[in-house]
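Reading through the structure tokens given below for one structure.
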Protein chains: 2
Amino acid sequence: MEKKVTIYDLAKRLGVSPATVSRSLNDHPSISLKTKSKVMLAAEETGYRINKFASNLSLQKSNTIGVIVPKLNSDFMSTVLSGIEKIANDAGYNLIISQSLESEEKEKFNTKTLFESGVDALLVSLANETKTYDHFNTFTNRKIPLLFFDRVINIPDCPTIIIDNLRAGYDATKHLLDQGCRNIMHITHGLNRSAYYQRYVGYKKALDEVKLFEIENLLVLDQFNSREIDSVIAKITASPEPIDGLFVTNDTFAVYCIKALLKAGYRIPDDIKIIGFNNDPVSEVINPELSTIEYPGYRMGVLAGQSILSHLNGSINIESADQILLKHQLIIRQSSRKTTN
Amino acid sequence: MEKKVTIYDLAKRLGVSPATVSRSLNDHPSISLKTKSKVMLAAEETGYRINKFASNLSLQKSNTIGVIVPKLNSDFMSTVLSGIEKIANDAGYNLIISQSLESEEKEKFNTKTLFESGVDALLVSLANETKTYDHFNTFTNRKIPLLFFDRVINIPDCPTIIIDNLRAGYDATKHLLDQGCRNIMHITHGLNRSAYYQRYVGYKKALDEVKLFEIENLLVLDQFNSREIDSVIAKITASPEPIDGLFVTNDTFAVYCIKALLKAGYRIPDDIKIIGFNNDPVSEVINPELSTIEYPGYRMGVLAGQSILSHLNGSINIESADQILLKHQLIIRQSSRKTTN
DNA sequence: ATGAAAGCGCTAACAG
DNA sequence: CTGTTAGCGCTTTCAT
């Protein structure tokens, strides 16, 4: 059991003051090179490690960034997190990551504990359930940088990083129309989150332009899990006018749809054309390959990290913009291509 | 800008001592109910929040658990993390997550910063590169609970959570043999990590039993990324004796292999039978569906969390065992099934 | 049941 | 260039 060694121990050992030790350790300019190296050596020998609690308490900062996401284990989210972690880590920041599991309660709780843990900034992608936003006041009131990504809400002085979801929804739907679809169903998550709502608006806009919008063709799911697939197939088969296009706001679920539809005897893309969302790796694995909207997750993570760091440094530049809009991209693959016959 | 309020502020406001406030807030038994509720109310009204730095400094603990993983963004790892987070969060612990990106240097650095951040325990899945383990001494020397999962190393008093990789490798290979394969190639990650090495040993054992082991059929890849797929195909086509079986220790990469092989004109499972590892969702998306070894990631995360918590509590039970061996399972799907002709 | 006071380990203003 | 000293905010022992 190694004993912990403090700057006082080093000070005593070297016959200098704790302040000198502290300054040396922090490479303060006003310390002679000689003392510095003496201190560093002693620190090395004794296995000295700084106590961050004490340091943080004194400095009133933690070099830690909090992150709240709905769910860790999706390809998209873990990719975003990977980007955030890379940037934060390179800048000497630790990441405290927690998941809300789509629950407003848990999001509130996590917000509270992250605040108390003294994170220097907070990055949030909102739970689907969340309808009130007061729990973020603790951060905004104290001017602690708060940033939303992907699932955002507009709060003064809180930057957001998103893609143009309306446009993306429009692009996806327009593409299906261009391929000849006339009765397009939209399968999405709770419209409570603007990311999803905007995609829906884009979908509606494209259809309104050609007078083909049908409210019955909207299917809002609670989760995107495989248990919900039956209701999808039921709705499709029950449709008075045959469904010939499917815009699903999640690749993984779109893939479930493809599998279920094929099993039910539908031909894809001949009978029904399908487009997903995110460009998850799985979209290239399914047969037929899934058309989708490319969502730059890693870049989003990197930008979220850079943006929050620049806020933390007080530097003003592109990353400290109020809103960053990332480009999405329509990716056309087999699942939605018009069949020439 | 809200001002931060401390227990001193509350004490002054209520005309009691800071000690009483502290005790009330912590529900200490020796404080009258009346004072307690008085304090709680004042805390509520003023928006008091505990300062964890001060608390941690005083208590010498952080209610924080550190986690180091090779890479956040894989289905398997994010699922494990999701399990760990659930358990930790429910027990009132925060998680500081960092990725080594398979680099020994970064793993060392992260170990150091997590130590300095005062985590109460550390959970590690080792980087593939890592060959020395001294950097964990800071933890073991001070008896800070340290646990390895998935990619483990045996260090006294450090529990490990793994599956029986040797047996899993054996099962996978034996299955291919049972399906009639006679020239089975093994595609795996660097054998530096015992998880992979043991799978290799199992593979070899199954083949040795029927005198079919060929060292030339071992292909060790640095990464499992799509850029390496060409070398795989090259090796398969160049094999003097036709390869008729493939045991790939990663589903995602196995899927790349299937796609590339199909494109190269091989029939699966007729010409080559394939089995993967992990039972990632993608294994059910590829056509033909991929046989694989089920790896219980979420359970592993949950158990890792429970195990480390029980160490933290000093309780002795099943979760505080030195080694937990989770059951894997052979899952047979189309990609490896003997074709009846 | 409550208060006084020391201590956790580090930082920084001030003094020399 | 270095030392003294006063916090940072909370916990806890020892009194009362």
Side-chain angles (χ1 to χ4, degrees), chain A residues 2-40 42-43 46-64 92 113 115-120 138 142, chain B residues 2-40 42-43 46-64 113 115-120 138 142 144:
Chain A
E2 269 181 35
K3 238 200 74 204
K4 78 169 115 333
V5 13
T6 72
I7 55 171
Y8 291 100
D9 299 326
L10 293 182
K12 198 176 303 172
R13 182 187 167 112
L14 297 170
V16 297
S17 77
T20 302
V21 174
S22 173
R23 291 190 183 104
S24 300
L25 260 13
N26 291 307
D27 205 21
H28 189 103
S30 76
I31 298 285
S32 78
L33 226 73
K34 207 162 106 191
T35 348
K36 251 181 212 167
S37 50
K38 208 172 60 178
V39 171
M40 295 311 264
T46 55
Y48 166 84
R49 298 294 171 122
I50 192 176
N51 180 323
K52 292 259 175 123
F53 301 148
S55 173
N56 291 342
L57 176 59
S58 182
L59 290 172
Q60 306 280 14
K61 78 176 298 254
S62 67
N63 269 276
T64 294
T113 61
F115 174 80
E116 289 171 351
S117 300
V119 295
D120 295 336
T138 36
R142 294 167 212 227
Chain B
E2 267 180 35
K3 239 199 74 204
K4 77 168 118 331
V5 12
T6 72
I7 54 171
Y8 290 98
D9 299 325
L10 293 182
K12 198 175 304 169
R13 181 187 168 110
L14 298 170
V16 298
S17 78
T20 301
V21 174
S22 172
R23 290 192 182 103
S24 300
L25 260 13
N26 291 306
D27 204 22
H28 188 103
S30 76
I31 297 284
S32 76
L33 225 74
K34 204 162 109 192
T35 350
K36 251 181 212 167
S37 50
K38 207 172 61 178
V39 171
M40 295 312 263
T46 56
Y48 167 83
R49 299 292 171 122
I50 191 174
N51 180 323
K52 291 259 175 123
F53 301 149
S55 173
N56 292 342
L57 176 58
S58 182
L59 291 172
Q60 307 282 12
K61 77 175 303 250
S62 67
N63 269 278
T64 295
T113 61
F115 175 80
E116 290 171 349
S117 301
V119 295
D120 295 336
T138 36
R142 294 166 214 226
I144 302 173

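To find a chain, count down the sequence lines: A is the first, B the second, and so on, and within it residues start at 1. Not measured: the values here are computed from a predicted model.
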Inset, instruction - Indicate whether OP1 or OP2 belonging to D:dT11 is found under 4.0 Å from a side-chain N or O atom of B:S55. - result: yes
Inset, instruction - Quickly work out the B:L10 CG to D:dG9 C1' distance and round it to whole Å. - result: 12 Å
Inset, instruction - To the nearest 0.5 angstrom, please state how far the OG atom of B:S37 sits from the CD1 atom of B:I31. - result: 11.5 Å
Inset, instruction - Select base, sugar-phosphate, or nothing to describe what B:V21 touches, counting heavy atoms under 4.0 Å on all strands. - result: nothing
Inset, instruction - Map B:L25 and A:L59 onto DNA chain D by nearest heavy atom, then report which one ends up closer to the 5' terminus. - result: A:L59
Inset, instruction - Answer yes or no: side-chain N or O of B:R23 and base N or O of C:dG3 forming a donor-acceptor pair under 3.5 Å. - result: yes
Inset, instruction - Look at all strands and tell whether A:I7 reaches a base, only sugar-phosphate, or nothing, counting heavy atoms closer than 4.0 Å. - result: base
Inset, instruction - With DNA chain D as reference, determine whether B:A54 or A:H28 sits nearer its 5' end, using the nearest nucleotide of each. - result: A:H28
Inset, instruction - Return the value, rounded to whole Å, for the distance between atom CG of B:L57 and atom C1' of C:dC10. - result: 8 Å
Legend entry - A:T20 side-chain N/O to D:dT2 phosphate OP1/OP2 under 4.0 Å: no
Inset, instruction - Measure from NZ on A:K38 to C1' on D:dT2 and round the result to the nearest Å. - result: 11 Å
Inset, instruction - Would you mind reading off the distance between A:N26 atom CG and D:dT2 atom C1', rounded to a whole angstrom? - result: 15 Å
Inset, instruction - Would you classify B:N56 as touching base, sugar-phosphate or nothing, given that sugar-phosphate means primed atoms plus P, OP1 and OP2, and contacts are heavy atoms under 4.0 Å? - result: nothing
Inset, instruction - Please check the phosphate of C:dT11 (OP1 and OP2 only) for any side-chain N or O of A:S22 closer than 4.0 Å. - result: yes
Inset, instruction - Establish, with yes or no, whether the OP1 or OP2 oxygen of D:dG3 is under 4.0 angstrom from a side-chain nitrogen or oxygen of A:S17. - result: yes
Inset, instruction - Please report, rounded to the nearest Å, how far the C1' atom of C:dT11 is from the CG atom of A:D27. - result: 16 Å
Legend entry - Among C:dC10, C:dA4, C:dT2, the one nearest B:A19 by side-chain distance: C:dA4
Inset, instruction - Give one of base, sugar-phosphate or nothing for A:F53, where a contact means two heavy atoms less than 4.0 Å apart. - result: nothing
Inset, instruction - State, yes or no, whether a side-chain contact exists between A:L25 and A:M40 at a heavy-atom distance under 4.5 Å. - result: yes
Inset, instruction - Would you indicate what A:S30 reaches in the nucleic acid, counting non-hydrogen atoms under 4.0 angstrom: base, sugar-phosphate, or nothing? - result: base
Inset, instruction - Please determine if a side-chain N or O atom of A:Q60 lies less than 4.0 Å away from the OP1 or OP2 oxygen of D:dG7. - result: no
Inset, instruction - Using a heavy-atom cut-off of under 4.0 Å over every strand shown, decide if A:T6 touches base, sugar-phosphate, or nothing. - result: sugar-phosphate
Inset, instruction - Test for a donor-acceptor pair under 3.5 Å between the base of D:dC8 and the side chain of B:Y8, counting only N and O atoms. - result: no
Inset, instruction - Round to a whole Å and report the spacing from NZ of B:K52 to C1' of C:dG9. - result: 20 Å
Legend entry - Interatomic distance where CG belongs to B:N63 and C1' belongs to D:dC10 [whole Å]: 14 Å
Legend entry - D:dT2 phosphate, OP1 or OP2, under 4.0 Å from A:S32 side-chain N/O: yes
Inset, instruction - Side chain of A:S58 only, please: which of D:dG9, C:dC10, D:dC1 is the nearest? - result: C:dC10
